[in-house]
Amino acid sequence: MANLKIGLAGNPNVGKTTLFNTLTGLNQHVGNWPGKTVAQAKGHYKHNGNEVEVIDLPGNYALSAHSMEEIVSRDFIVDEDADVIVNIIDAANIERNLYLTVQMMELGANLVVALNMNKYAQDKGYTIDANKLSELLGVPVVEIEANSDTGKEELLKTVEQAAQNPVNTTERLVYNNELKEHIAELQAVIEEDKNLLDVPSSWIAIKLLENDEIVEEKIEGSSKRNNIQAETKKVKDHLEGIFGEGSEEVIANARYAFIDGLLKESLTKPNHLKVSISEKIDKIVTNRILGFPIFIVIMYAMFEIVFTFGAPFQDLIDEFFGILGDFIVGSLGETMLSSFLVNGLIGGVGGVLVFLPQIILLFLIISFLEDCGYLARAAFVMDKLMHKFVGLHGKAFIPMLLGFGCGVPGIMATRTMENEKDRLITMLIVPFMSCSARMPVYLLLVGAFFAANQSLVILSLYLVGIIVAVIVAFILRKTTFKEMSAPFVMELPDYKLPTIRGILMHTLEKSWGFIKKAGTIILVASIVIWMLSYFPAGVEYGSQESAIGTIGTVIAPVFAPLGFGEWQPAVALAFGLVAKEVVVGTFSSLFGVAEEGAGIITAMHGIFTPLTAYVFMVFVLLYIPCFAALGAIKQETGGWKYPLIMSAVTLVTAYVVSFIVYMVGLGLGLG
Amino acid sequence: MIKKLNELKSGETGVLASYGSGGDLELKRHLLGMGFVKGADVEVEKVAPLGDPIQVKVKGYSVCLRKEEAKNIEIEV
């Protein structure tokens, strides 16, 4: 019986989060690392009477001071007295994965290595002798499959044993004699200051030779700094003289040499690697000629699936709320309460839930593309375009694609980007990606005006969003965020058949986020709409004399140049600030009709022409994102500055672009 | 013969000879961690549809980088 604390560490794409989910199930919560913008997932499980706390560290390739994620992971190993660090390794990619392992050994972490994805290693022709590897590393090595329970029991037992018998992994590392000798000299000087020794002195020595800014800064505060700095310089110069390259390269070489030594004895691989399935798939998917068409086809297919398969479920939910509304009016009569329930609650929340099937489908597809490895290929195919025209990393494409589901996870996904300015620009243009909350608005108006070309019209709106994002990013890069160039360097993970469980967990999590949003913000908004429509007492519900009608009438003229100067669209847009899907709920409340069916279509024909309906959709697409997205930007940037910039930029953009579209439409005689 | 990594054609292989001096330190550090060390076998697997970035096989896995980022890496072909 004990309380244990373990950290999960590993490269990106090795199944770390999958293992975290397998271990902790639903006993987990996601927050932030104290004082950092890096997400931290914590959970716990019980095993053999032990209460085990699990912390999922960020996925890292190394433990330098390269990014916030790497610093967080390394601080965790240094400062938090975790009993065991479980290092998940992709067996098919063992050589590079061990580079992180070696760096954790430099820190003396009490490691348990979990070899994952052994099936893929076998497919590649790799045979790994786990016992031999364990012997050489001096730490336990367990074979697991993170997406099932294979090896789980053994891993848990091994973790408990390792917690009882901690190993000083630093001692197991062997670098070449020349380097070892000089590290020892530097160590001797470092050890003169006992205050520095909360980490292995050999680690400090290595980091100084790697020009690690954080460790250098720490040395600045040491009483022995002059000696240490002088010795560091001496060793650096000496190594450079001997090896003919900088000390950083010398150390990286030594690590890989150590790994080579390990693998010579523990890994057999075929002389000629056969062409892997991933390579075969990539021959087509990232093909020079086919790469782009395939990308566009996948995007288009995504939307077709969402509409075709979503519709029947949508009708069912819609019908349910219709029956519920009739039942309430039938049993309560026309009272204030029934008006509140039907117009306020069902009109708003019900109108949002109706679109849940489509949102779930969208997230299913995005999770699938992410888990199978296509998203990285999309970034590879798109990088030139992103880099040349938007000045962004191909990785910016991923948050932007997520933005099509919901801006909030999209904004959060910018965390994978290492360059701060790249990250900010991406965050500011993600909301131009047409999120699923705009979909209800499109579906309503496209259904009413463009029934024959639904997919095409909606696709055009998505493209408008993308083009505007490109232009805005270009302007931002030329003005606010100059001189930036983030390296692209990105792993292309092997294609994997995603597990159903993984996809469902992703989808559930994201759809639940949407429901929570619908359940809180939108509920409040719907009630406010209802009150503004019902009061002052005695006026006809939602008429021009109601509070909401007065507000709309006052701001409506502003939109007249865009072709929709009526008061109802103005009101709908005002409430759309809360969340864009509320636009539909507002229309249905204002006209006192259901969110779907002939009633609302007639109402829409009363205030829009096909052209102004399209302009209105463009405006909805581009204007201020919902409060949730603004909140996410505030959270990520730590202040109101960027949410406010965002609001101003989007409002101006929406007005200008809508005006241009309207003028062009009139010019073409579409009015 | 020594060539820069960005000059290698699709399908060409070689051994990493050195990093030229210059170039971004952060980038070099990142690339070292990703396996671009002296003596590593390197193969340019593919060039992206628009001519950039390139996909490189190193240490048994695939990584992509822009030509701009590859130009400091010297390859013995």
Side-chain angles (χ1 to χ4, degrees), chain A residues 60-67 90 92-97 99-100 103 124 126 210-211 243-246 248-249 251-253 255-257 259 269 273 278-279 282-283 286-292 295 376 379-385 387-388 394 418 485 487-494, chain B residues 2 5-6 9-13 15-76:
Chain A
N60 299 129
Y61 292 108
L63 291 181
S64 55
H66 175 70
S67 69
D90 173 1
N93 208 340
I94 185 165
E95 194 174 358
R96 199 212 54 228
N97 274 241
Y99 191 78
L100 178 68
Q103 292 202 313
K124 224 171 162 180
Y126 282 17
E210 286 191 301
N211 307 309
F243 292 97
E245 49 184 354
E248 251 187 283
E249 282 107 307
I251 287 171
N253 285 341
R255 289 186 186 125
Y256 270 111
I259 294 167
K269 47 182 174 184
L273 287 179
S278 282
E279 283 165 335
D282 270 342
K283 277 223 163 67
T286 55
N287 181 286
R288 260 203 127 115
I289 297 155
L290 296 176
F292 260 102
F295 170 74
F380 176 66
V381 170
M382 294 297 289
D383 182 69
K384 176 82 182 271
L385 210 65
H387 188 54
K388 189 161 183 186
E418 281 136 12
S485 83
F488 176 64
V489 189
M490 179 187 72
E491 181 183 1
L492 283 174
D494 282 340
Chain B
I2 298 279
L5 179 56
N6 62 317
K9 294 203 175 52
S10 182
E12 250 185 301
T13 59
V15 174
L16 200 148
S18 75
Y19 279 90
S21 49
D24 184 47
L25 187 72
E26 287 268 306
L27 172 66
K28 181 158 96 180
R29 195 176 280 167
H30 191 38
L31 287 171
L32 284 170
M34 301 292 277
F36 287 90
V37 291
K38 199 165 160 177
D41 292 324
V42 173
E43 180 193 347
V44 173
E45 294 184 287
K46 179 170 282 185
V47 178
L50 296 176
D52 200 17
I54 54 174
Q55 180 182 340
V56 179
K57 176 156 263 179
V58 64
K59 298 282 169 193
Y61 80 103
S62 299
V63 60
C64 44
L65 69 167
R66 293 191 189 123
K67 286 182 170 170
E68 174 68 23
E69 294 153 359
K71 71 173 190 197
N72 280 313
I73 300 174
E74 294 178 345
I75 307 290
E76 174 78 53

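Order of the sequence lines sets the chain letters (A, B, ...), proteins ahead of strands, with each chain counted from 1.
- B/Asp52 is linked by a salt bridge (charged side-chain N to carboxylate O under 4.0 Å, His left out) to nothing, counting only residues two or more places apart in sequence or in another chain.
- With hydrogens and angles disregarded, no donor-acceptor distance shorter than 3.5 Å links the side chain of B/Arg66 to the backbone of A/Asp383.
- For B/Gln55 against A/Asp282, the heavy-atom pair with the smallest separation is NE2-OD2, 4.1 Å.
- Taking a cutoff of 4.0 Å between a charged side-chain nitrogen and a carboxylate oxygen, B/Lys28 and A/Glu249 qualify as a salt bridge.
- Scanning all heavy atoms of the two residues, the minimum distance from A/Val381 to B/Leu50 falls at O-CD1, 4.4 Å.
- In this structure, CZ in A/Arg96 is found 11.5 Å from NZ in B/Lys59, a value given to the nearest 0.5 Å.
- Considering NZ of A/Lys384 and NZ of B/Lys67, their distance stands at 7.5 Å, rounded to 0.5 Å.
- For the pair A/Glu95 and B/Tyr61, the minimum side-chain heavy-atom distance is 4.5 Å or more.
- The 12-atom threshold is exceeded at CD of B/Glu74, counting heavy atoms of other residues, nucleotides or ligands nearer than 6.0 Å.
- If you take CD on B/Glu68 and NE2 on A/His387, they are separated by 7.0 Å, rounding to the nearest 0.5 Å.
- A distance-only check finds a donor-acceptor pair linking the side chain of A/Lys124 to the backbone of B/Gly60 [under 3.5 Å].
- Within the 4.5 angstrom heavy-atom criterion, atoms from both the backbone and the side chain of B/Val47 approach chain A.
- The two atoms that bring B/Cys64 and A/Phe380 nearest to each other are CB-CD1, 3.5 Å, heavy atoms only.
- Of the two parts of A/Thr286, the backbone and the side chain both hold a non-hydrogen atom closer than 4.5 Å to a non-hydrogen atom of chain B.
- With a threshold of 4.5 angstrom between heavy atoms, A/Gln103 does not approach chain B through any atom at all.
- In this structure, the portion of A/Asn287 lying under 4.5 Å from any heavy atom of chain B is its backbone and not its side chain.
- The two residues A/Phe488 and B/Pro53 make their nearest non-hydrogen contact at CE2-CG, 3.3 Å.
- Enclosure of atom CD1 in A/Ile289 is not indicated, since only 12 or fewer non-hydrogen atoms of other residues, nucleotides or ligands lie within 6.0 angstrom.
- Heavy atoms only, all atoms of each residue included: A/Arg288 and B/Pro49 are closest at O-CB, 3.4 Å.
- Between chain A and the residues B/Ser18, B/Ala70, B/Ala48, the most heavy-atom pairs under 4.5 angstrom are made by B/Ala48.
- The contact between A/Glu245 and chain B is made entirely by side chain atoms (from C-beta outward), counting heavy-atom distances below 4.5 Å.
- Proximity to chain B (any heavy atom under 4.5 Å) is shown, for A/Leu385, by both the backbone and the side chain.
- Remark: side-chain polar atoms of B/Arg29 are not paired, donor with acceptor, to backbone N or O of A/Glu248 under 3.5 angstrom.
- To the nearest 0.5 angstrom, B/Glu26 atom CD is 7.5 Å from A/Ser64 atom OG.
- Only the side chain of B/Leu31 comes within contact range of chain A, judged by heavy atoms closer than 4.5 Å.
- Looking at A/Asn93, only its side chain comes within 4.5 Å of chain B, counting heavy atoms on both sides.
- The contact list for residues 33-42 of chain B toward chain A, using heavy atoms and a distance under 4.5 Å, reads B/Gly33, B/Met34, B/Gly35, B/Val37, B/Lys38 by residue number.
- The part of A/Phe243 that comes within reach of chain B is its backbone (N, CA, C, O), which places non-hydrogen atoms under 4.5 angstrom from that chain.
- Residues satisfying the salt bridge (charged side-chain N to carboxylate O under 4.0 Å, His left out) criterion with B/Glu76, sequence neighbours excluded, are absent altogether.
- By the side chain to side chain contact (heavy atoms under 4.5 Å, CB included) test, A/Ala376 is found to be paired with A/Met490, A/Leu492, A/Pro493, residues two or more places apart in sequence or in another chain being considered.
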